[in-house]
Amino acid sequence: MTKRNQRYDHGRVEARWQEVWERTGIYRAEVDWERPKHYALTMLPYPSGDLHIGHWYAMTPSDARARYMRMKGYNVLFPMGFDAFGLPAETAAARANIHPWKWTYSNIERMRRQLRSMGTMFDWEREAVSCTPEYYRWTEWFFSRLYEAGLAYRGEALVNWSPSLQTVLANEQVIDGKDERTGQPVVQRMMEQWFFRITDYAEELLSFSGLDWPEPIKAMQTNWIGRSVGARVRFPVEGADPIEVFTTRPDTLHGATFMVLAPEHPLVEVLTTADQREAVEAYRAGASGRSELQRTDLTRDKHGVFTGGYATNPVTGTDIPVWIADYVLMSYGTGAIMAVPGEDSRDWEFAAKYGLPVVRTVQPPDHFEGNAYEGDGPSINSDFLDGLYIAEAKVAMIDWLEAEGRGEGAIQYRLRDWLISRQRYWGSPIPAVYREDGAVELVPDDALPVELPEDVEFTPTGRSPLVSHEPFLNAVDSEGGPATRETDTMDTFMCSSWYQLRYLSPGYDLAPFDPEEAAYWLPVDTYTGGAEHAVMHLMYTRFFTKALRDMGCFEDTAAAMRAHGRDPEGMFDEPMVMLRNQGQVLGEERRGDRVLVVGRQEEDRLKADSVLVVTDPDAQLEYADGDRLVGEIVSRTEHVLVVQPPDGPDPVTVEIAEGATIEIPTIPGPNSVTQLRHRLDVQRMSKSRGNVVNPDDLVERFGADTVRTYMMFAFEWEKGGPWDSRGMRGAQRFIVDVWRLGKAEYRARSVDDSASAGLRRRAHQAIIKVGQDLESFSWNTAVAELMKLRNSMNDALAARNVTPEVWRETLSILVLLLAPIAPHVTEEVWSRLGNRTSIHLQPWPEPDMEAAADESVTMVVQVNGRVRSRIEVPVGISESAALDLALSHHNVARHVGESEVRRVIDRRPRLLNIVV
RNA sequence: GCCCGGGUGACGAAAUCGGUAGACGUGGCGGACUUAAACUCCGCUGCCCCUAAGGGGCGUGUGGGUUCGAAUCCCACCCCGGGCACCA
């Protein structure tokens, strides 16, 4: 234990204050219409077993922000819960025969304890756990509302079917088309499942107005929705329905020389001729063995099969061949495309491979060398479009299609409806039954929730026990007739699409949420979480909120708002107003320098006389006789290197001799040991690599305050970065110093007015700076500013040259500003200062702008843009005084010399640039 | 392939508006304290050159440009990370 640590017992201090906070309930958030509200939310964790450092990285800065908002006068709600349904629990059940309830609950217990050790201000009375019947009753209830609103329907979608296990596998369980556990093949099979009509909201989801969200997230969602404008065109087929396609280039219709259908397209049956049937069937069978991901792999050769059938190009009247190819997906657009090789390079490739005709319909520029021409130009070979450029030609063609009844202008989205069916046990049941006649019926609301049976057995196949559980399966319909219960359960994204509502009143049993609570707290003001949820979770919850709004689920809430004088207009359009993403804490994999060491063998080490960094990666250097060594620097401590030779031999310890030459070609001049780069072996954190940083150990050793401070100090929060355990010491010293400063018996010795004013200035500047940084999620610079204030206080304590009043004021400011970041030590110091109410109930300090103002500042004097002098000047210095002062400075005078001053760039008081 | 980020000392980083590059911290080096080690404290720490004090040059992935002045803006290129991907 360190000397500092002997005195600061973080374990005792943190435990005590956590107990006090819990007992006094200072983090309870209650509706108070007299105060402005702030709903801060951080993404809820999946109870996977242990909290990892990433949770700390995500949650403690969010907690600091929530605490800051509270000090700024807001009534802050900051809840926490668990996204508790999901595959891992079921996998554990199948593998170890532990019931998912038990597995999940014991994990939740453990994580609750770990979460409390963070010292967060979570209001635990708001906790919601999505796998409890009290919660999923309402998940089911929402399903029923969506069904009634026509937003839930049954449709077909491909699933990963394992013929050997007779079960459906998740994408992550399938690797290279095989079951990851058994290695058995997996096929793509159509299955009837439940969907939500998120596509009805595609247009609204494209609008982010009023949302303070990161631009990349908005861009990703926009791309995911993938709006394209074009036309639907029908190609007649003899003796069958026409083939409908969507195209963004209706202007090129004259150049459509063939068509391609998805192998699953229903018209394939009709179009395939007898002599092509065998080839088509074989191709379709092959396609079913490929996942969508494989089918759409860019690096794969395009291939397809001719069906033998033809369709008629509606504008030229020509019969064109119809092919099938698996890169055309049934789930996108109409499952069919018109191929225009002249203007589309993919179609060109396909045409070239199979000898299909090409007709150019856009005139390429002179000397155009490429194949397909995708740029703009006048139409050619296109009858009534000839001479028109793309934009006009599109309009003209759509007019023609509509007039002739061959098609119409259309908008197509890449977004597909949300497939919510999961063929699993551990999820929220879908409250539907199938009558004997096959009709679907909802379970009445008063019979909700449909509960998951507990007496189930899990088999290693991973097959949902619900499908064979008779008491669960047997149901009655609304007329008392026999019915079969739906055995699919819901996607867990469904649970997390509305948890922000459940937190408002987790015990409420009249509705999913209490309108009185919702009227005050909604919407979420600040949402934080990982960017990996950029699209799916965040888009589903946006859809959910909009659907709820349109189904009238917020009407009671709106009424309550009006009753309290709050305008409900626009309050239910979006779930989260502000979004910020944290980066990821990971390991860095940096190679060390590759070196050639020459020296002499001494006992267990090589004493080096010269070290040369080898920059050419292809350099062939012989490894080692006794005195020469080539390898990568694995680590370095002072003058001792550990060098790993290539191809396996043990690492060699190299000691750099006094006066040895070190040569690094990329750094000119003589080089020193410290410039050698060694390998950083902190690798990307993952369970499989066994290098996950366990926060419990860190808390035990350093305390939660130190871990929190380090998490906020070490990285740019939105970026993340590699973990470096050594950096923890800086945070630890800082926390202990704060405690020590708080405990110090300050006695002034030789009070100096300017020192007092100087310390006060630093303190009030810190109020401004830290406030700005916390507003903008810049934790690292906020901590840096506080460390600077700590340094100033250290100096003042040593010199004892500030007044006791200033000392005390500065100390109070230091702990108040640090309180959101390190809640325990600041509470400890605060109470030592004689305060009776918690520091976490104090208002954020107001800066005294006069005290914070600089009196003098360093003026940089440049001559022709190069810094020649730095002069301390009063802030309000006049232009002539500044110029005189600058020109009288010897170094400036030297550079100005006899030259004429042509211009002075005046950025007083910080900078003066004299152009000669 | 497309889109979005990013590239700054030995390391994590800062520079909020085009105006002192490297704040703050880690590590390292030197010193004090110590029987010793740890802890702690003090000093130094981008690279190079001249030097007695003091100066000078170079430097934010590379090359060019705009500007009195560029880590920051523009053009081209290289590299790293993330996302999406035959999207018709």
Side-chain angles (χ1 to χ4, degrees), chain A residues 1-6 214-217 219-220 223-224 226 228 230 245-249 260 293 295-300 302 325-329 332-334 336-340 344-347 349-350 412-414 531-532 534-535 583-584 586 588 590 636-638 667-678 680 710 713-716 718-719 721-724 726-731 733-734 772-773 776 778 780-781 783-788 790-791 794 798 858-868 870 890-891 894 902-905 907 910-916:
Chain A
M1 270 229 197
T2 67
K3 197 168 165 188
R4 278 173 163 177
N5 260 343
Q6 277 168 8
E215 289 303 324
I217 301 288
M220 277 190 249
N223 294 340
W224 185 271
S228 14
V245 301
F246 173 78
T247 176
T248 52
R249 291 291 303 275
V260 185
L293 215 73
R295 283 172 59 163
T296 57
D297 186 340
L298 188 79
T299 57
R300 226 173 105 243
K302 291 183 193 2
D326 65 4
Y327 70 84
V328 175
L329 302 176
Y332 182 76
T334 61
I337 62 164
M338 66 179 210
V340 191
D344 184 296
S345 49
R346 294 171 314 246
D347 295 343
E349 225 181 286
F350 197 85
Q412 179 70 44
Y413 301 95
R414 178 187 173 276
E532 66 272 20
V535 176
Q584 248 187 318
L586 28 82
E588 190 188 43
R590 191 192 68 182
R636 174 176 70 80
T637 27
E638 305 192 16
I667 306 176
N671 302 116
S672 70
V673 189
T674 56
Q675 291 170 286
L676 292 169
R677 290 158 67 98
H678 60 89
L680 283 184
Y710 177 65
F713 180 61
F715 317 100
E716 188 187 331
E718 302 197 325
K719 203 166 128 199
W723 177 261
D724 178 8
R726 288 179 308 186
M728 190 71 81
R729 296 170 47 86
R733 286 175 187 150
F734 173 58
Q772 285 168 352
D773 287 345
S776 63
S778 306
N780 52 347
T781 51
V783 175
E785 182 69 15
L786 290 166
M787 286 177 168
K788 275 158 83 171
R790 174 266 315 253
N791 293 344
N794 270 343
T858 307
M859 181 174 74
V860 171
V861 183
Q862 298 180 329
V863 179
N864 287 343
R866 308 191 73 110
V867 178
R868 297 302 176 191
R870 295 182 169 93
H890 66 276
N891 199 39
R894 196 162 72 84
R902 299 158 70 105
R903 204 174 142 194
V904 176
I905 311 287
R907 293 283 181 278
R910 297 242 165 239
L911 179 127
L912 214 59
N913 185 9
I914 299 163
V915 183
V916 300

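These values consider heavy atoms only, across backbone and side chains, with no hydrogens, waters or symmetry-generated copies. Residue numbering restarts at 1 for every chain, and letters A, B, ... go by the order of the sequence lines.
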Which value, rounded to the nearest 0.5 Å, describes the distance between [X] atom [atom1] and [Y] atom [atom2]?
X: A/Q862; Y: A/L911; atom1: CD; atom2: CG; answer: 4.5 Å
X: A/D773; Y: A/N780; atom1: CG; atom2: CG; answer: 8.0 Å
X: A/T248; Y: A/Q412; atom1: OG1; atom2: CD; answer: 10.5 Å
X: A/R249; Y: A/D344; atom1: CZ; atom2: CG; answer: 8.5 Å
X: A/Y327; Y: A/L329; atom1: OH; atom2: CG; answer: 11.0 Å

Would you measure the distance from the [atom1] atom in [N] across to the matching atom in [M] and give it in whole Å?
N: B/rG63; M: B/rA70; atom1: C1'; result: 15 Å
N: B/rA14; M: B/rG7; atom1: P; result: 9 Å
N: B/rC42; M: B/rC17; atom1: C1'; result: 39 Å
N: B/rC11; M: B/rG82; atom1: C1'; result: 23 Å
N: B/rC79; M: B/rU26; atom1: C1'; result: 27 Å
N: B/rC77; M: B/rC68; atom1: P; result: 28 Å
N: B/rG57; M: B/rG18; atom1: C1'; result: 24 Å
N: B/rC24; M: B/rG61; atom1: P; result: 23 Å

**Item:** Side-chain touch A/R868/A/N891, heavy atoms, less than 4.5 angstrom
**Value:**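 When only atoms from C-beta onward are counted, A/N891 and A/R868 do touch, with a gap below 4.5 Å.
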**Asked** Going by heavy atoms in the side chains, are A/V915 and A/N864 under 4.5 Å from each other?
**Response** yes
**Listed partners of A/T858 passing side chain to side chain donor-acceptor pair (under 3.5 Å), at least two apart** =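 By the side chain to side chain donor-acceptor pair (under 3.5 Å) rule, A/T858 matches A/E872.
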**Asked** Taking only residues two or more places apart in sequence, or in another chain, which ones meet A/R870 in a side chain to side chain donor-acceptor pair (under 3.5 Å)?
**Response**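 A/R870: no side chain to side chain donor-acceptor pair (under 3.5 Å) contacts found.
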Opposite nucleotide pairing with [N], Watson-Crick or G-U, both atom distances under 3.5 Å:
N: B/rC84; value: B/rG1
N: B/rG9; value: none
N: B/rA36; value: none
N: B/rU62; value: B/rA76
N: B/rA14; value: none
N: B/rG69; value: none
N: B/rC29; value: B/rG43

**Request:** Applying salt bridge (charged side-chain N to carboxylate O under 4.0 Å, His left out), name anything that partners A/D347, two or more places apart in sequence or on another chain.
**Result:** none
Can you check the [X] [atom1] to [N] [atom2] distance for me, whole Å?
X: A/N223; N: B/rC4; atom1: CG; atom2: P; value: 9 Å
X: A/W224; N: B/rC4; atom1: CH2; atom2: P; value: 18 Å
X: A/Q772; N: B/rU16; atom1: CD; atom2: C1'; value: 8 Å
X: A/L329; N: B/rA85; atom1: CG; atom2: P; value: 10 Å
X: A/N794; N: B/rC42; atom1: CG; atom2: C1'; value: 13 Å
X: A/I217; N: B/rC84; atom1: CD1; atom2: P; value: 11 Å
X: A/R729; N: B/rG27; atom1: CZ; atom2: C1'; value: 10 Å
X: A/D773; N: B/rA15; atom1: CG; atom2: C1'; value: 12 Å

Verify the contact: side-chain N or O of [X] to OP1 or OP2 of [N], cut-off strictly under 4.0 Å; return yes or no.
X: A/R414; N: B/rA85; value: yes
X: A/R733; N: B/rU40; value: yes
X: A/H890; N: B/rG54; value: no

**Message:** Checking A/F713 now: which residues fulfil side-chain contact (heavy atoms from CB on, under 4.5 Å) with it, not counting sequence neighbours?
**Reply:** A/V783, A/A784, A/M787
Considering only nitrogen or oxygen atoms on both sides, find all protein atoms under 3.5 Å from nucleotides 57-60 of chain B and state each distance.
unit_1 : atom_1 : unit_2 : atom_2 : d
B/rG57 : OP1    : A/R868 : NH2    : 3.4
B/rG57 : OP2    : A/R868 : NH1    : 3.1
B/rC58 : OP2    : A/R866 : NH2    : 2.4

**Item:** A/N791 side chain, from C-beta outward: closest of B/rG55, B/rC24, B/rG83
**Value:**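 Looking only at heavy atoms from C-beta outward on A/N791, the closest nucleotide is B/rC24.
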**Message:** Side chain of A/E716, heavy atoms from C-beta onward: which of B/rA88, B/rA14, B/rG25 has the nearest atom to it?
**Reply:**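 Out of B/rA88, B/rA14, B/rG25, the nucleotide with an atom closest to A/E716's side chain is B/rA14.
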**Request:** Let me have a per-nucleotide readout for nucleotides 18-23 of chain B, 5' to 3', with B, S or -, counting only protein heavy atoms under 4.0 Å.
**Result:** -BBS-B
**Item:** Torsion-based syn/anti label for B/rG64, 90° from 0 as limit
**Value:**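 You should classify B/rG64 as anti.
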**Fill in**
With syn defined as a glycosidic angle within 90 degrees of 0 and anti as anything else, the base of B/rC39 is anti
**Shortest non-hydrogen contact from A/G230 toward A/F246** =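 Minimum heavy-atom contact is N-CZ, 3.7 Å.
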**Request:** Identify the two heavy atoms, one from A/F350 and one from A/A325, that lie closest to each other, and give their separation to 0.1 Å.
**Result:** CE1-CB, 4.1 Å
When we call it a touch if two heavy atoms are under 4.0 Å apart, what does [X] touch: a base, just sugar-phosphate, or nothing?
X: A/R902; result: nothing
X: A/A714; result: sugar-phosphate
X: A/Q412; result: nothing
X: A/N891; result: sugar-phosphate

**Message:** Go nucleotide by nucleotide along RNA chain B from the 5' end; which of A/M338 and A/A731 gets its closest nucleotide reached first?
**Reply:**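 The answer here is A/A731.
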**Item:** First encountered from the 5' end of RNA chain B, between A/I337 and A/A219
**Value:**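 Result: A/A219.
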